[in-house]
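In what follows, a single structure is set out as structure tokens and then discussed.
None of these values were measured; they are calculated from a predicted model. Just the heavy atoms: all of them, side chains too, but no hydrogens, waters or symmetry mates, feed the values below.
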Number of protein chains: 2
Amino acid sequence: MARDVEQAGRKQAHLKRETVVQAALNLLNDVGLEGLTMRRLADHLGVQVAALYWHFKNKQELLNAMADAMIADWGRDLPDDEDWAHRLQAGVQDLRRCLLAYRDGARVLADTYVAEENTLRCAEILCEILVQSGCPPASIFNAGWTMLYYVIGLTIEEQAFHTSVDSAYQRILAAALPSPQYPMLSMFQPYLENYDFDARFNYGLNLIIEGLRQESNKSMKEDGSAEQ
Amino acid sequence: MARDVEQAGRKQAHLKRETVVQAALNLLNDVGLEGLTMRRLADHLGVQVAALYWHFKNKQELLNAMADAMIADWGRDLPDDEDWAHRLQAGVQDLRRCLLAYRDGARVLADTYVAEENTLRCAEILCEILVQSGCPPASIFNAGWTMLYYVIGLTIEEQAFHTSVDSAYQRILAAALPSPQYPMLSMFQPYLENYDFDARFNYGLNLIIEGLRQESNKSMKEDGSAEQ
DNA sequence: ACCTGAACACCGTTCAAGT
DNA sequence: ACCTGAACACCGTTCAAGT
């Protein structure tokens, strides 16, 4: 147990915000968001619950810090490419990687409204990439939000799916189909039961990027004709 | 108070699943997902907490039923259009309407894996629409999921934004910008502070649909050449 | 069949008091 | 400055017992 080592012979653990956040993320992987309680976290740190409230105003503030820490290593290996669409794709894929690195990571990010270091850096770089599409600023921001919402939405479901113990979804689905009431769902049932989230994610991401590329092409053409 | 009326002179309230679910949805609008507790719900129904556990195995099962009930009136006014893209757009917009009808509605749906009546009907109709795009079945399902994830992701953030009391996001954002560390965010700050979620939603939805339309056109062309 | 009463094992948060 | 001890006002869930 970490706690034995931590407080051996000491009266105060001398917590740092950073170590608390890291311990919380580790605990998250063990017990999930539902099991992540202030008491359990304090236990793991060899400290009383109330001690956490000296470092964090409340649980939400801790969750905010966790969300920002989760994307600390975002964008390490972005390709140094000339094609903005390719860089964008890699960036959004890497965001999903960050969320998948921790159990319920997507829900932590979704339940959170952070504007701290890593989040801002991530937003800055995504803007940089999107600017190169040549689309107007309003579109750049809307497109950025679209990517973010899509990643969060998909990854929440993906992580909920993986941790659902009894997989009630599959049980009920199997009971309901095939049925004459749902001809489409019955006809395509094998596709409904395809749970390859990587493929699912990449398909949708590509859809969004292709939509954006179209607008980009239009914008470029208008710029070109304006210059002539 | 409803509870006074409900149990006046009676020993048993004779709850139905449906009335519990509806009371839960009403309570959700009053107190939000965080404030929605079994005890409070029991109170509103003029009943002891334990009574709820005769009708629902646990809180999650209640939430599942709430999620399905939330989209009970989905698709009422779908246009009887010949253009699949237009119907698709209307359908996804209507899904957002359903989620926005209840406080934290999107989070309720996201925390849930439902395959019950309304959900299946909704999926069936969306498939019907998507089939008319002429895309292959795998694409149809992936595209359907993409829409769903996008709506959920966006609406979670939208509803979190509206109910965030202190709006920490805007506070921290204002403190961080403008800054030479974030040239893009600083340059486009007005766009960052645009919180028109309707416009944001419709832009991204259109992006996805345009991407899908491209694949549809390709599929149609291949079909045409195959017939010749 | 449907609900009550009472308990169990937890929560987040606060705050005086210690060092 | 940083943490302990103890309390407050809650949770979800279970289960014997009532009707």
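With values rounded to the nearest 0.5 angstrom, Ile208(B) atom CD1 is found 4.5 Å from Ile208(A) atom CD1.
Of the residues near DNA chain C, Gln60(A) and Gln48(B), the one whose nearest nucleotide (by heavy atom distance) lies more toward the 5' end is Gln48(B).
Between the side chain of Arg121(B) and the backbone N or O of Trp74(B) there is at least one donor-acceptor pair closer than 3.5 Å. A donor-acceptor pair under 3.5 Å is absent between the side-chain atoms of Asn64(A) and the main chain of Thr112(A), judged by distance alone. In this structure, the side chain of Gln159(B) engages the main chain of Leu99(B) through a donor-acceptor pair within 3.5 Å.
Side-chain atoms of His14(A) lie closest to dC3(D) of the nucleotides dT13(C), dC3(D), dC3(C).
When rounded to the nearest whole Å, the span between NZ of Lys59(A) and P of dC10(D) equals 18 Å. Phe56(B) places its CZ atom 16 Å from the C1' atom of dT13(D), with the value rounded to the nearest Å. For Leu63(A) and dC11(C), the CG to P distance is 15 Å, given to the nearest whole Å. Atom-to-atom, CH2 of Trp54(A) to P of dA16(C) comes out at 18 Å; the value is rounded to the nearest Å.
No cation-pi contact links Arg200(B) to Tyr203(B), judged by a cut-off of 6.0 Å to the six-membered ring centre and 45° from its axis. A cation-pi arrangement, defined by a distance under 6.0 Å to the six-membered ring centre and an angle within 45 degrees of its axis, is present between Arg96(A) and Phe201(A).
With a 3.5 Å ceiling on both atom-pair distances, the Watson-Crick or G-U wobble partner of dT19(D) is dA1(C). dC8(C) is paired with dG12(D) under the Watson-Crick or G-U wobble criterion, all donor-acceptor distances under 3.5 Å.
For residues 31-38 of chain A, proximity to DNA chain C is found at Leu36(A), Thr37(A), Met38(A), defined as any non-hydrogen atom under 4.0 angstrom from a strand atom.
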